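Read the structure below first, then the notes.
Ligands are counted one by one from 1 in listed order, and the atoms in each one are counted from 1 as well. Remember, predicted model here, so these are calculated numbers, not experimental data. No hydrogens, no waters, no symmetry mates; every other heavy atom, side chains included, goes into these values.
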Amino acid sequence: TLGPDVVDVSSLAGKGLFTYDPGFMSTASCESEITYIDGAKGQLLHRGYPIEQLAEHSDYLETCYLLMNGELPNAEQKKQYLNGIMNHTMVHESLVNFFKGFRYDAHPMAMMCGVVGALASFYHDSLDITDPEHRRISADRLIAKMPTLAAMCYKHSKGQPFMYPDNSLSYSENFLHMMFGTPCEPSKIDPVVAKAMDIIFLLHADHEQNASTSTVRLAGSSGANPFACISSGIATLWGPAHGGANEAVLSMLQEIGDESRIDEYIKKAKDKNDPFRLMGFGHRVYKNFDPRSRVMQGICDDVLGAMGAENDPLLRIAKKLEKIALEDEYFVEKKLYPNVDFYSGIIMKAIGIPTDMFTVIFATGRTAGWIAHWNEMISNPYRIGRPRQLYTGYSQRDYKPLEDR
Ligand code: ACO
């Protein structure tokens with residue numbers, strides 16, 4: 001698999017030589033068959049299938065199956081997989097007590113780091129990572145329980161009763177039911193919103209070795225259990241330069257506050273002496289339009305129309321900002337296109353999902369990729385990940401007694 005532009009430095013191991021590559025800009029940490037990205041062409045393939053085709057013809061759970069198993073399921077396999085996932089949507093009742101211990105205003109990502117890691121405490125019976133059946137059931141449990149836990153975070157913050165999953169609904173309908181439903185009346189789910197939610201999960205399902213997926217692999221390389229590994233991925237995703245960007249987009253739109261101030265913020269983003277960056281623009285890998293952004297752009301219009309939200313002041317600022325940035329010389333020259341977080345933030349705002357839940361939704365979708373990468377690594381020969389460093393501190397010196405410092 002090594003191409004002409006790849007230098008294999010693995011033979012330098014143990015010979016005192018190593019490469020220095022801060023931010024891993026040009027270092028492949030593993031081989032993988034799951035996802036291919038060509039950032040220059042704006043191409044994203046899962047197991048060879050273009051993301052645009054999956055978004056149009058597939059659905060989130062079918063894409064989860066594809067990522068985990070390498071092939072699209074046939075009708076019987078799909079039925080069995082969906083049944084299997086929907087059988088695992090409930091969480092142990094003791095987790096309710098876990099949630100009760102959190103402050104009502106805790107950030108939902110803080111709660112998710114805790115409760116997802118805590119799942120391991122309920123499944124001692126299936127934590128043998130060398131057993132493929134244990135790995136499969138852990139993957140199913142994680143994919144199934146993430147929407148339930150995500151909705152529980154929201155309900156806890158509102159002081160509303162937790163909603164049990166309704167397994168007669170689809171994955172995304174069930175999530176909306178647990179988020180916005182109440183025990184007082186049957187949930188009313190708009191099919192446009194359910195479809196948009198499913199596509200949001202699907203478009204976030206995997207993105208090869210980003211910071212959170214690399215973290216999951218690194219945690220997994222020590223032999224840690226999958227729930228602990230996914231919890232470490234959630235922690236990494238929380239940062240504003242990664243999954244927290246869609247939340248940061250909305251905070252930025254609120255800070256801009258009025259269309260008349262957009263130019264001022266564009267100017268700030270271009271000022272080298274100002275650390276401000278236009279949130280939702282730019283990507284480490286895509287130096288062309290992110291193909292997921294194009295799909296998101298389309299469903300954004302559908303959802304705004306269905307929710308009658310076209311005139312929401314923040315959404316109007318977002319649309320104007322997008323137009324200006326797409327035409328501005330600085331952003332065009334640096335290839336800073338709106339990324340997937342820009343549109344997902346707008347869509348989720350229109351659906352009524354609170355800003356601090358945005359990254360939780362990203363984490364829910366990305367669980368498929370995290371667990372597929374973890375499983376791929378564990379299924380093949382691997383070594384514990386142990387990056388090296390360039391030491392820049394003091395050379396050896398003698399301890400100074402307290403009175404001499
Ligand atoms: N606004 C203004 N200028 C920007 C922005 C931005 N959003 N993003 C990059 N730039 C500029 C940088 O200042 C730099 O300019 P210079 O060459 O004059 O020094 C140049 O573009 C390249 O930027 P880098 O930081 O080197 O690009 P990198 O690939 O390391 O960073 C990143 C990518 C982190 C996504 C960056 O574009 C950014 O901070 N964007 C805003 C946050 C965001 O939207 N994150 C979501 C990422 S997508 C995801 O996680 C799914």
Side-chain angles (χ1 to χ4, degrees), residues 21-27 35 37-40 42 44 46 51 55 109 199-216 233-253 255-256 262-297 300 318 321-322 324-349 355 358-370 373:
D21 184 15
F24 308 111
M25 297 288 285
S26 47
T27 296
T35 289
I37 302 175
D38 185 329
L44 169 60
H46 291 323
I51 191 70
M109 284 297 274
I199 294 186
I200 288 177
F201 289 140
L202 186 154
L203 292 179
H204 284 96
D206 189 41
H207 213 231
E208 52 116 304
Q209 307 311 317
N210 53 82
S212 56
T213 305
S214 301
T215 302
V216 170
I234 294 172
T236 310
L237 189 73
W238 193 359
H242 191 8
N246 49 20
E247 187 176 342
V249 169
L250 259 286
S251 307
M252 178 189 72
L253 295 176
E255 195 186 313
I256 296 175
I262 292 178
D263 287 342
E264 183 192 323
Y265 279 80
I266 295 267
K267 207 167 146 203
K268 261 165 80 66
K270 295 196 278 189
D271 181 354
K272 284 289 122 209
N273 299 316
D274 192 327
F276 173 76
R277 282 183 173 202
L278 217 49
M279 286 294 133
F281 287 80
H283 197 277
R284 169 58 65 84
V285 179
Y286 293 111
K287 302 303 172 192
N288 198 324
F289 220 96
D290 176 342
R292 300 168 304 169
S293 305
R294 284 197 200 283
V295 178
M296 282 288 192
Q297 205 177 21
C300 189
L321 191 65
E322 173 200 20
I324 294 176
L326 283 175
E327 289 164 2
D328 187 280
E329 205 180 304
Y330 172 94
F331 288 90
V332 173
E333 192 196 309
K334 291 193 184 299
K335 303 187 192 306
L336 299 169
Y337 297 95
N339 56 46
V340 68
D341 292 314
F342 183 73
Y343 296 108
S344 66
I346 300 172
I347 296 168
M348 288 190 278
K349 158 97 172 74
T355 317
F358 289 3
T359 318
V360 177
I361 301 222
F362 188 160
T364 303
R366 182 54 57 86
T367 298
W370 287 334
H373 280 275

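- Regarding atom 4 (C) of ligand 1, its nearest protein heavy-atom neighbour is Leu336 CD1, 3.5 Å.
- The closest approach between any non-hydrogen atom of Lys268 and ligand 1 is not below 4.0 Å.
- Nearest non-hydrogen protein atom to atom 42 (C) of ligand 1 is Met279 SD, 3.7 Å.
- Considering only non-hydrogen protein atoms, atom 47 (C) of ligand 1 sits nearest to Ala241 O, 3.7 Å.
- Among all protein heavy atoms, the one lying closest to atom 15 (O) of ligand 1 is Lys272 NZ, 3.2 Å.
- Of all the heavy atoms of Asn210, none lies under 4.0 Å from any atom of ligand 1, so neither backbone nor side chain is involved.
- Look at Met25 and you'll find every heavy atom at least 4.0 Å from all atoms of ligand 1.
- Ring-plane geometry between Tyr337 and Phe289 is classed as tilted, the angle between the planes lying from 30 to 60 degrees on a 0 to 90 degree scale.
- Within ligand 1, counting atoms from 1 as listed, the ones closer than 4.0 Å to a heavy atom of Asp341 are 46 (C), 48 (S), 49 (C), 50 (O), 51 (C).
- Looking from atom 20 (C) of ligand 1 to the surrounding protein, the closest heavy atom is Lys334 CD, 3.9 Å.
- You'll find the side chain of Thr359 reaches within 4.5 Å of the side chain of Asn246, heavy atoms only.
- Checking only distances, Leu278 does come within under 3.5 Å of ligand 1, N or O to N or O.
- Scanning all protein heavy atoms for the shortest distance to atom 41 (C) of ligand 1 gives Phe281 O, 3.5 Å.
- Checking atom 36 (C) of ligand 1 against the protein gives a heavy-atom contact under 4.0 Å.
- With distances taken over non-hydrogen atoms, the option nearest atom 34 (C) of ligand 1 out of His204, His242, Arg277, Arg284 is Arg277.
- Between Trp370 and Ser212 there is a side-chain heavy-atom pair separated by less than 4.5 Å.
- At the shortest separation from atom 45 (N) of ligand 1 among protein heavy atoms lies Ala245 CB, 3.4 Å.
- Neither the backbone nor the side chain of Phe342 has a heavy atom within less than 4.0 Å of ligand 1.
- Within ligand 1, counting atoms from 1 as listed, the ones closer than 4.0 Å to a heavy atom of Gly280 are 43 (C), 44 (O).
- A salt bridge is defined here as a Lys NZ or Arg NE, NH1 or NH2 lying under 4.0 Å from an Asp or Glu carboxylate O, and Lys270 with Asp328 meets this definition.
- Distance check on atom 26 (O) of ligand 1: every protein heavy atom falls at or beyond the 4.0 Å cut-off.
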**OP:** Show your reasoning for whether ring-ring contact (aromatic ring centres under 6.0 Å, His included) applies to His207 and Tyr286.
**Re:** CA-CA 11 Å; His207 213 231; Tyr286 293 111; 5.2 Å; yes
